[in-house]
Protein chains: 2
Amino acid sequence: MPEQIARNTGAHVVYAELKRRILTLELKPGERIYEPAMAAELQISRTPLREAIRRLISESLLEQQPTGGVLVPDLDEVVISELYEVRAALESLMARNACLKATAADIEALERILARNAALVEFADDAMQQGMALHAQIAGIAGNSWAHRVHSQVSSQMERYRHFTNSTQDRRDAALAQHRILVAAVAAGNPDEAAAIAFEHVIAARDASLRAITRNGPVTP
Amino acid sequence: MPEQIARNTGAHVVYAELKRRILTLELKPGERIYEPAMAAELQISRTPLREAIRRLISESLLEQQPTGGVLVPDLDEVVISELYEVRAALESLMARNACLKATAADIEALERILARNAALVEFADDAMQQGMALHAQIAGIAGNSWAHRVHSQVSSQMERYRHFTNSTQDRRDAALAQHRILVAAVAAGNPDEAAAIAFEHVIAARDASLRAITRNGPVTP
DNA sequence: CTGCCTGCTCTTGTATACAAGTAGACTTGT
DNA sequence: ACAAGTCTACTTGTATACAAGAGCAGGCAG
């Protein structure tokens with residue numbers, strides 16, 4: 001339900017391409033987008049390009065100036081903190097709901113993912129993927145499509161900050177430990193505890209990121 | 001930050017008008033929107049109309065069919081439950097943050113709103129407004145613009161269901177009592193308690209709404 | 001030298017024309 | 001009568017042309 005099936009319209013293609021460029025910082029924060037130039041570059045007319053731009057604006061992946069220009073939003077460490085907190089609230093909710101709805105098969109699936117993650121904990125590049133996999137499973141069990149949808153949007157935003165929030169081995173170990181406790185709480189069917197653990201887990205990730213940022217300098221050097 | 005200052009462009013006007021019609025159910029759930037007809041009715045060309053439509057789609061106030069048609073989403077009691085839960089998670093977060101940041105003046109402002117609400121508790125039409133006023137103040141104190149933004153979007157969605165979730169005097173009294181406890185927790189500076197109370201408060205509202213719906217029949221009769 | 005005014009260029013916003021694909025109705029054959 | 005195929009009307013998606021407004025440069029006056 002979150003991602004609508006991509007109809008192969010040009011607007012969808014340029015939307016995906018622009019989104020990719022924004023999230024990879026290929027389009028730099030603060031950079032302005034000029035419709036005719038971008039349309040020429042993407043070899044498409046202004047109409048579908050505008051459609052893609054407006055969609056990105058409504059997702060806050062682009063920003064409209066009062067004067068009328070459109071630009072890539074600046075990176076801001078206050079924002080990343082906010083995003084982590086919203087993620088914490090949503091994942092907490094989903095952990096609670098998963099707790100209430102999980103079947104034996106669901107628990108088994110969670111533990112299988114956990115085992116996989118434990119085996120791969122040393123690989124930094126997979127760390128994010130692993131956390132996402134576990135969370136995706138929990139989200140599926142929770143079955144709140146709106147929570148899932150909003151969570152996806154927030155996660156997209158956070159991708160722009162990925163390069164600034166390097167994960168350390170310590171952090172990955174801690175995350176794995178918290179995931180174990182979380183799955184245990186879900187298995188035990190304790191909603192309040194599962195919710196609290198999920199919340200604290202993401203808040204811990206927030207604090208780790210903020211420390212990493214202040215150590216390595218601000219996000220916009 | 002949530003609502004961008006309306007630039008007086010035609011697309012913004014039709015956006016506001018369509019949104020109004022959708023939220024008031026003037027555009028009926030399930031009804032399809034034909035661009036030429038709607039453009040003629042609103043006396044504007046298809047281009048700005050399409051812009052407004054796409055924006056509403058990305059806010060889930062309109063729905064795009066795989067085939068290409070656009071229609072007003074059906075009402076669904078599963079969805080309203082989901083929306084309440086997301087609201088609960090977000091308001092819980094904001095209550096927690098408000099707790100951490102509130103100044104003496106903030107507490108005073110909250111208590112003033114509380115007193116006002118207590119005086120007006122018997123007026124059903126203001127009930128929603130009062131709850132919103134208190135929440136808006138808390139959101140302001142919490143100062144998480146993303147939480148605020150997402151909360152606004154979810155609240156918009158819920159407006160479509162307003163007519164089905166009639167509030168009773170009992171319900172309003174209960175809400176006021178919970179608001180008192182919430183403000184007390186914020187004043188006491190107890191984040192966990194404030195968060196828990198805010199969460200339970202909205203969940204209680206969810207349950208009351210679901211009961212009202214099952215009593216009065218399904219949302220789509 | 002500085003401040004203001006004027007004109008130009010380039011931007012965005014809107015309208016319209018065109019193309020392609022789809023749903024539905026009608027006809028035709030069995 | 002029913003099923004299948006085709007044609008038509010209308011839909012959405014895209015391109016382009018046009019208008020209005022903002023920003024900027026350059027010149028002119030004080």
Side-chain angles (χ1 to χ4, degrees), chain A residues 1 3-22 26-74, chain B residues 1 3-22 26-74:
Chain A
M1 190 270 194
E3 297 300 317
Q4 15 198 353
I5 330 92
R7 315 193 13 253
N8 277 347
T9 159
H12 284 254
V13 175
V14 300
Y15 164 80
E17 171 63 13
L18 282 181
K19 182 171 176 177
R20 187 191 66 76
R21 292 193 190 184
I22 293 168
E26 197 170 314
L27 277 171
K28 297 189 186 64
E31 186 170 339
R32 179 166 172 184
I33 290 185
Y34 295 92
E35 293 177 5
M38 185 60 76
E41 183 179 339
L42 298 178
Q43 296 188 340
I44 203 162
S45 82
R46 278 180 58 214
T47 309
L49 171 63
R50 274 177 69 91
E51 186 171 319
I53 288 177
R54 305 322 264 230
R55 190 170 159 195
L56 289 163
I57 289 173
S58 76
E59 295 177 14
S60 292
L61 286 170
L62 285 177
E63 187 178 317
Q64 176 133 27
Q65 288 181 307
T67 119
V70 169
L71 42 76
V72 182
D74 277 324
Chain B
M1 190 269 198
E3 298 300 316
Q4 16 199 355
I5 330 93
R7 309 178 34 240
N8 276 347
T9 160
H12 285 254
V13 176
V14 292
Y15 165 79
E17 172 62 14
L18 282 181
K19 181 170 177 177
R20 188 190 65 76
R21 292 193 190 184
I22 293 168
E26 197 171 314
L27 278 171
K28 297 189 185 64
E31 185 169 340
R32 179 166 172 183
I33 291 185
Y34 295 92
E35 294 177 4
M38 185 59 77
E41 182 178 339
L42 299 177
Q43 297 188 340
I44 203 161
S45 83
R46 278 180 57 213
T47 309
L49 171 63
R50 274 178 69 91
E51 188 172 317
I53 288 177
R54 305 323 265 229
R55 190 169 160 196
L56 290 163
I57 289 174
S58 76
E59 295 176 14
S60 292
L61 286 171
L62 286 176
E63 187 180 317
Q64 176 133 27
Q65 287 181 307
T67 120
V70 170
L71 43 75
V72 182
D74 277 324

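Convention: sequence-line order gives letters A, B, ...; per-chain numbering from 1. Here the structure is a predicted model, which is why all the values come from computation and not from measurement. The basis for the numbers below is simple: all heavy atoms, side chains too, and nothing from hydrogens, waters or symmetry mates.
Nucleotide D/dT12 holds its P atom 14 Å from the NE2 atom of A/H12, rounded to whole Å. A/R32 places its CZ atom 8 Å from the P atom of C/dT11, with the value rounded to the nearest Å. Per the geometry, CD belonging to B/Q65 stands 12 Å off P belonging to D/dG13, to the nearest Å. Rounded to whole Å, atom P of D/dT12 lies 11 Å from atom CD1 of B/I57.
Put simply, B/R54 has no side-chain N or O that comes within less than 4.0 Å of OP1 or OP2 on D/dT12. The phosphate of C/dG13 (OP1 or OP2) has a side-chain N or O of A/Q64 nearer than 4.0 angstrom.
In this structure, the nucleotide among C/dT14, C/dT12, C/dA23 sitting nearest to the side chain of B/T9 is C/dT14.
Under the side-chain hydrogen bond (donor to acceptor under 3.5 Å, both in side chains) test applied with B/Y15, the options B/E59, B/E51, B/R20, B/R54 reduce to a single match, B/E59.
Side chains of A/I22 and A/L62 form a contact here, defined as non-hydrogen atoms less than 4.5 Å apart. You'll find the side chain of A/L61 reaches within 4.5 Å of the side chain of A/K19, heavy atoms only.
Looking at residues 33-50 of chain A, you'll see A/I33, A/Y34, A/E35, A/P36, A/R46, A/R50 sit with a heavy atom under 4.0 Å from some atom of DNA chain C.
As judged by a 4.0 angstrom heavy-atom cut-off over every strand, B/G69 is placed among residues making no nucleic acid contact.
Here the CZ atom belonging to A/R50 is positioned 11.0 Å from the OG atom belonging to A/S45, to the nearest 0.5 angstrom.
Using a 4.0 Å cut-off between charged nitrogen and carboxylate oxygen, A/R21 and A/E41 count as a salt-bridge pair.
Heavy atoms of other residues, nucleotides or ligands lying less than 6.0 angstrom from CD of A/Q65 number more than 12.
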